[in-house]
Trainee: 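Would you mind keeping the following structure in view while I ask a few things?
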Protein chains: 2
Amino acid sequence: MELKRERVREHLLTMIDSRRPGDAIPSERTLCATLGVSRPTLRAAVDELVATGLLVREHGRGMFVAPDKITQELVAENHVADAPRSRGSWTSTVLDLRTVHAGARIGRRLAISPASELVHVTRLRHVDGAPIALEHLHVPADLVPGLTAADLEGGFYAHLRRRRGIRPAHAVQSIEPTVLNEEEAALLEVPVLSPALLFDRTTSDTGGRPVEYVRSLYRGDRYRIVSRLTLGEGRADPAAEDVGRGGAWWGTVE
Amino acid sequence: MELKRERVREHLLTMIDSRRPGDAIPSERTLCATLGVSRPTLRAAVDELVATGLLVREHGRGMFVAPDKITQELVAENHVADAPRSRGSWTSTVLDLRTVHAGARIGRRLAISPASELVHVTRLRHVDGAPIALEHLHVPADLVPGLTAADLEGGFYAHLRRRRGIRPAHAVQSIEPTVLNEEEAALLEVPVLSPALLFDRTTSDTGGRPVEYVRSLYRGDRYRIVSRLTLGEGRADPAAEDVGRGGAWWGTVE
DNA sequence: CAGTGGTCTAGACCACGCC
DNA sequence: GCGTGGTCTAGACCACTGC
């Protein structure tokens with residue numbers, strides 16, 4: 001049997017999709033009547049969407065589709081030196097592998113037509129048997145015809161180099177905090193609304209052609225980024241050295 | 001008037017403090033009777049503590065103090081090159097500045113006695129007028145006697161160098177996702193349980209002496225870490241180049 | 001003033017773990 | 001069977017917004 005909260009959430013999500021940021025959505029009491037649920041039930045569903053950043057509530061005014069994020073980006077300026085370390089034995093399980101149409105959002109990321117095909121792989125990553133990350137990998141279908149789950153076992157980059165003659169060269173990645181929805185939380189075996197890190201990465205090959213777009217969710221209770229920073233002295237702008245004001249975030253590791 | 005949920009949360013927090021990880025706490029119905037609240041109200045308070053990772057629920061068994069975190073640490077191995085960039089005009093407001101005893105946890109971080117004094121500064125940071133981060137700065141009191149809010153205006157590191165003859169040289173920092181409690185959410189002007197990034201940093205001077213311990217919460221809806229990675233080719237272990245398995249996370253920025 | 005979200009109650013039924 | 005958490009209801013009152 002399906003939970004009422006889920007049904008309400010789906011209804012709200014399609015409602016949000018069909019509107020623009022800032023648009024109002026019906027009042028709580030109206031929605032209760034429309035969907036045939038009590039107010040606490042409706043509010044529980046709305047709570048989740050508010051925490052996820054899709055809806056905003058304004059006391060005495062109403063509920064609205066959240067405005068577009070205005071993000072303060074903090075960029076790391078440093079040279080890559082080597083691969084990072086992590087402990088434990090990593091394994092990964094392919095949950096799904098299918099060819100789909102790119103769509104507008106992902107098409108733009110990969111610089112391909114929204115109508116063109118791409119391979120969408122859903123993977124669950126484990127450390128020492130415990131699920132730690134849920135990964136969505138998107139690759140233009142013409143780059144990897146006939147891709148199978150087995151091809152991913154030795155690492156996708158290795159597969160691209162050895163079997164496809166594609167050399168991933170650089171990537172742009174963003175990291176932001178988020179909370180997990182019902183489905184994600186279930187796969188990662190944590191309670192709903194648990195904190196997580198969202199990694200968003202687009203990788204290009206030596207020719208500058210985008211070869212993959214990856215969205216990964218890492219469990220917040222099992223995952224942490226640790227870095228060791230070296231703070232120089234003779235900077236042009238001493239104020240920039242105050243880490244809290246945008247100082248050196250990344251550095252040499254132990 | 002105080003919210004019931006807050007009173008319940010405080011009660012639960014002291015209950016958690018007085019127990020050890022894994023210990024059971026009374027059942028929901030028992031707590032309702034003890035605290036004189038209805039079950040949905042109690043559950044709302046518990047939901048918050050579960051999302052924060054302090055309590056775990058087990059269906060049919062009961063509620064327990066959460067076990068200690070087992071964290072998968074991912075370290076960045078690279079050289080610091082320069083300070084990162086961020087846009088907008090940053091300002092900061094000192095909410096509180098007081099001298100307190102270090103206590104066990106922070107004393108250990110700063111390698112000082114739990115009984116010794118330290119200065120605790122609470123700052124709210126803004127970008128273009130909007131609150132974006134809540135920062136708790138802890139400094140051994142004997143390093144900065146007579147510290148005032150004005151001393152922090154040009155940047156704390158600059159103050160240490162110019163007025164105290166202390167040269168911060170390196171730091172160890174961790175970043176993890178979390179959700180904001182009622183108080184933090186109010187200060188940052190976002191809904192409770194909103195996602196945030198928790199920065200935890202200990203900085204030492206050229207002699208290796210810890211000079212500050214900082215805990216900062218950054219709004220997840222306004223803050224994002226962006227980095228550009230360069231993926232080398234001739235690695236010893238090709239599997240390590242698969243970013244998803246622990247590949248190169250940090251790199252040269254545009 | 002009417003309509004909105006914010007909070008809270010008392011009680012019901014279900015699903016799961018344990019004895 | 002019994003106690004646990006998981007879900008849901010119907011309705012109440014308060015606080016805020018806007019006319």
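All values below come from the heavy atoms of this structure, side chains included, with hydrogens, waters and symmetry mates left out.
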Trainee: Write down the distance between CD (B:Glu28) and P (D:dT4), rounded to a whole number of angstrom.
Mentor: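 About 10 Å, once rounded to whole Å.
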Trainee: Locate the shortest heavy-atom distance separating B:Glu184 from B:Leu180; write the atom from each residue and the value.
Mentor: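 Looking at all heavy atoms of both residues, the closest pair is OE1-CA, 3.5 Å.
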Trainee: Taking only side-chain N and O atoms of B:Thr41, does any of them lie within less than 4.0 angstrom of OP1 or OP2 on C:dT7?
Mentor: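 Looking at the OP1 and OP2 atoms of C:dT7, neither is under 4.0 Å from any side-chain N or O of B:Thr41.
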Trainee: Checking the side chain of B:Ser194 only, and the main-chain atoms of B:Val190 only, is there a donor and an acceptor separated by less than 3.5 Å?
Mentor: no
Trainee: Atom CG of A:Leu31 to atom P of D:dC8: distance rounded to whole Å?
Mentor: 16 Å
Trainee: Please determine, by modelled atom types, if A:Thr203 and A:Tyr157 share a side-chain donor-acceptor pair under 3.5 angstrom.
Mentor: yes
Trainee: So how far is it from B:Leu217 CG to B:Leu124 CG, rounded to the nearest 0.5 Å?
Mentor: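 Atom-to-atom, B:Leu217:CG and B:Leu124:CG are 11.0 Å apart.
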Trainee: Would you tell me if any nitrogen or oxygen in the side chain of B:Arg43 comes within less than 4.0 Å of OP1 or OP2 on D:dG5?
Mentor: no
Trainee: Summarise how protein sits on nucleotides 11-19 of chain C as a single string, 5' to 3': B when a protein heavy atom is under 4.0 Å from the base, S for sugar-phosphate-only contact, - for no contact.
Mentor: -B--BBSS-
Trainee: Using a 6.0 Å cut-off, check whether atom CD of B:Glu182 has over 12 heavy atoms from anything other than its own residue.
Mentor: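 Yes.
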Trainee: Strictly distance-based, threshold 3.5 Å: is any side-chain N or O of B:Thr34 a donor or acceptor partner for the main-chain N or O of B:Thr30?
Mentor: yes
Trainee: Whole angstroms only, please: what is the CG-C1' distance between B:Leu49 and D:dG5?
Mentor: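 Result: 16 Å.
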Trainee: Looking at C:dT4, I'd like to know if its phosphate oxygens (OP1 or OP2) sit under 4.0 Å from a side-chain N or O belonging to A:Ser27.
Mentor: yes
Trainee: Tell me: CG of B:Asp47 to P of C:dT7, nearest whole Å?
Mentor: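 Between P of C:dT7 and CG of B:Asp47: 14 Å.
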Trainee: Side chain of B:Lys4: nearest nucleotide among C:dT7, D:dC8, C:dT9?
Mentor: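 That would be C:dT9.
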Trainee: In whole Å, what is the span from the CZ atom of A:Arg57 to the C1' atom of C:dG3?
Mentor: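 These atoms are roughly 16 Å apart.
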Trainee: Quickly work out the A:Leu193 CG to D:dG6 C1' distance and round it to whole Å.
Mentor: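 It works out to 15 Å between those atoms.
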